[in-house]
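Keep in mind that the numbers below use all heavy atoms, side chains included, and drop hydrogens, waters and symmetry copies.
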Amino acid sequence: MVNMIHDRQTLMLFGGVLALLLVATIVGQLIKLRKRGDVVDNLNARIRAWWVMSAVFALSLLTGGLGSVILFAALSFFALREFITLTPTRPADHSALFWVFFIITPLQYYLVGAAWYGFFSVLIPVYAFLFIPSRIALSGDSTCFLERSAKIQWGLMVCVYCVSHVPALLMLEIPGYAGKNARLLFFLVVIVQLSDVLQYVWGKLLGKHKIAPVISPSKTWEGFIGGVLSATLIGTALWWATPFTMWQTMGMAFIITVMGFLGGLTMSAIKRDAGVKDWGSSIQGHGGVLDRIDSICFAGPIFFHLTRYFFT
């Protein structure tokens, strides 16, 4: 696993993100001087939050693979807490939840840090999948049993299993790419998040035709197409930082931006069903942790397995 400070190209990538944030900050403040409103305030809140998140992300990369694993383990823990809070359980589930939060989640990330792919890939979808309903059944409470089990299992899958594939990119052994895997992690996070931002911007500029107005009123076809194409082009321009060819990078960028969109839409459907706008309020301008990583939840595992299958 690589330490970012020894990889010049990774430093260049991060320097580019900082430059982009600086430009965005200046533009946001200039717009604020000329025009006030909820959209402008929301945009500047998002930029401030991104400064904080970029600093945390940089710290995790500077500490090497261990820092990245710890960062995403913490993100998974807090995202899962938000998910469980929004999908209430019963007292009989507390023992199962203890196992989920304090045994299964840490073990999943230990396996990522140890690069134990065989166990990492089946711990949650096989062993935890069978263990959780068994432990709930032992509690003796059959009220809404299937619903309670499914909620806990689904939360564990999306918040822990799917997210753990992001730092797991560091375990891949790609010919001719040794010591550079941090760039893959960086590529995934930057492109997925840029796609979110660009979909928001294009949607505000041109958006007229809503995709799923009941689930996510702000998502439009114009925003989706503009954001995905823009992020795909940016991703393609970064092909030199990946182990892929230019055309392969374009395909990868397109797939992860589309999966990111589907992740955001799916998690929005759960929020609407629960009757809330955000998963939480821990990140100013961004809602909760899960609001910020919902796109990565879907894009991460797809990107990991495509890379592992075709390039290792």
Side-chain heavy atoms under 4.5 angstrom apart, residues restricted to Ile, Leu, Val, Met, Phe, Trp, Tyr: same cluster for [X] and [Y]?
X      : Y      : answer
Leu194 : Leu233 : no
Val166 : Phe119 : yes
Ile302 : Tyr309 : yes
Ile103 : Ile124 : yes
Phe102 : Ile104 : yes

Is there a donor-acceptor contact under 3.5 Å from the side chain of [X] to the main chain of [Y]?
X      : Y      : value
Trp116 : Gly113 : no
Gln199 : Gly223 : no
Thr105 : Val100 : yes
Gln108 : Leu123 : no
Ser121 : Gly118 : yes
Asn181 : Leu169 : yes
Thr220 : Lys210 : no
Glu222 : Lys208 : yes

_Please identify which of these residues, Asp93, Leu97, Leu146, meets the side-chain contact (heavy atoms from CB on, under 4.5 Å) condition with Ile136._
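The residue from Asp93, Leu97, Leu146 that satisfies side-chain contact (heavy atoms from CB on, under 4.5 Å) with Ile136 turns out to be Asp93.
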For the [atom1] atom of [X] and the [atom2] atom of [Y], what is their distance to the nearest 0.5 Å?
X      : Y      : atom1 : atom2 : result
Ser218 : Tyr200 : OG    : OH    : 8.5 Å
Phe224 : Leu229 : CZ    : CG    : 8.5 Å
Thr89  : Glu147 : OG1   : CD    : 11.0 Å
Ile293 : Cys159 : CD1   : SG    : 6.5 Å

Using every non-hydrogen atom in the two residues, find where [X] and [Y] come nearest and quote the distance to one decimal.
X      : Y      : answer
Pro217 : Pro213 : CG-O, 3.3 Å
Ser195 : Gly227 : OG-O, 4.1 Å
Cys297 : Leu290 : SG-CD1, 4.2 Å
Ser230 : Trp202 : OG-NE1, 3.0 Å
Glu173 : Pro175 : O-CD, 3.7 Å
Ile191 : Gly235 : CD1-CA, 3.5 Å

*Show the numbers, then the answer: is there a side chain to side chain contact (heavy atoms under 4.5 Å, CB included) between Phe83 and Leu156?*
CA-CA 9 Å; Phe83 187 94; Leu156 184 62; over 6 Å; no
*Crowded around Phe77 CZ? As in, over 12 foreign heavy atoms under 6.0 Å?*
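Counting neighbours around CZ of Phe77, more than 12 heavy atoms of other residues, nucleotides or ligands fall under 6.0 Å, so yes.
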*More than 12 heavy atoms of other residues, nucleotides or ligands under 6.0 Å from CZ of Phe254: is that the case?*
no
_Filter on ring pair (Phe, Tyr, Trp, His ring centres under 6.0 Å), then keep only pairs touching residues 141-178, sequence neighbours left out; what's left?_
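Every ring pair (Phe, Tyr, Trp, His ring centres under 6.0 Å) pair that includes a residue of residues 141-178, provided the two are not neighbours, is Phe120-His165, Tyr161-His165, His165-Phe304, His165-His305.
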So do the side chains of [X] and [Y] get within less than 4.5 Å of each other, counting heavy atoms only?
X      : Y      : answer
Ile234 : Leu198 : yes
Val158 : Phe298 : yes
Phe303 : Met252 : yes

*Please list all pairs passing the salt bridge (Lys or Arg N to Asp or Glu O under 4.0 Å) test where one or both residues lie in residues 124-141, with sequence neighbours left out.*
Arg90-Asp141, Asp141-Arg148
Ignoring hydrogens and angles, write down the donor-acceptor pairs under 3.5 Å from the side chains of residues 266-274, residues two or more places apart or on other chains.
unit_1	atom_1	unit_2	atom_2	d
Thr266	OG1	Leu262	O	2.8
Ser268	OG	Gly264	O	2.9
Lys271	NZ	Lys277	O	3.3
Lys271	NZ	Asp291	OD1	2.8
Arg272	NE	Ile215	O	2.8
Arg272	NH1	Val276	O	3.1

*Step-by-step side chain to side chain donor-acceptor pair (under 3.5 Å) determination, Ser164 to Tyr109*: CA-CA 7 Å; Ser164 68; Tyr109 278 94; 5.0 Å; no
*Apart from Leu130 itself, which Ile, Leu, Val, Met, Phe, Trp or Tyr residues share its cluster (side-chain heavy atoms under 4.5 Å, direct or through members)?*
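Leu130 shares its hydrophobic cluster with Phe129.
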*asked:* Side chains of Gln153 and Ser149: any donor to acceptor distance under 3.5 Å?
replied: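 The answer is no; no qualifying pair exists.
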_Ring of Tyr117, cation from Arg308 - is the NZ or CZ under 6.0 Å from the centre and inside 45° of the axis?_
yes
_Arg183 vs Leu238, test: side chain to side chain contact (heavy atoms under 4.5 Å, CB included). Steps then yes/no._
CA-CA 10 Å; Arg183 299 182 200 168; Leu238 296 175; over 6 Å; no
*Does the side chain to side chain contact (heavy atoms under 4.5 Å, CB included) test come out yes or no for Val122 and Tyr127, once each step is laid out?*
CA-CA 7 Å; Val122 299; Tyr127 295 100; 3.8 Å; yes
Kindly list each side-chain donor-acceptor pair under 3.5 angstrom involving residues 242-250, sequence neighbours excluded, with atom names and distances?
unit_1	atom_1	unit_2	atom_2	d
Thr242	OG1	Trp239	O	2.9
Thr242	OG1	Phe244	N	3.1
Thr242	OG1	Thr249	OG1	3.3
Thr245	OG1	Gln248	N	3.2
Thr245	OG1	Gln248	OE1	3.3
Gln248	OE1	Thr245	N	2.8
Thr249	OG1	Thr245	O	2.7

*side chain to side chain contact (heavy atoms under 4.5 Å, CB included) between Ile174 and Leu184: does it pass, once the steps are laid out?*
CA-CA 11 Å; Ile174 303 172; Leu184 278 181; 3.5 Å; yes
*Identify, with sequence neighbours excluded, every residue that meets side chain to side chain contact (heavy atoms under 4.5 Å, CB included) alongside Ala299.*
Leu188, Val192, Ile256, Met259
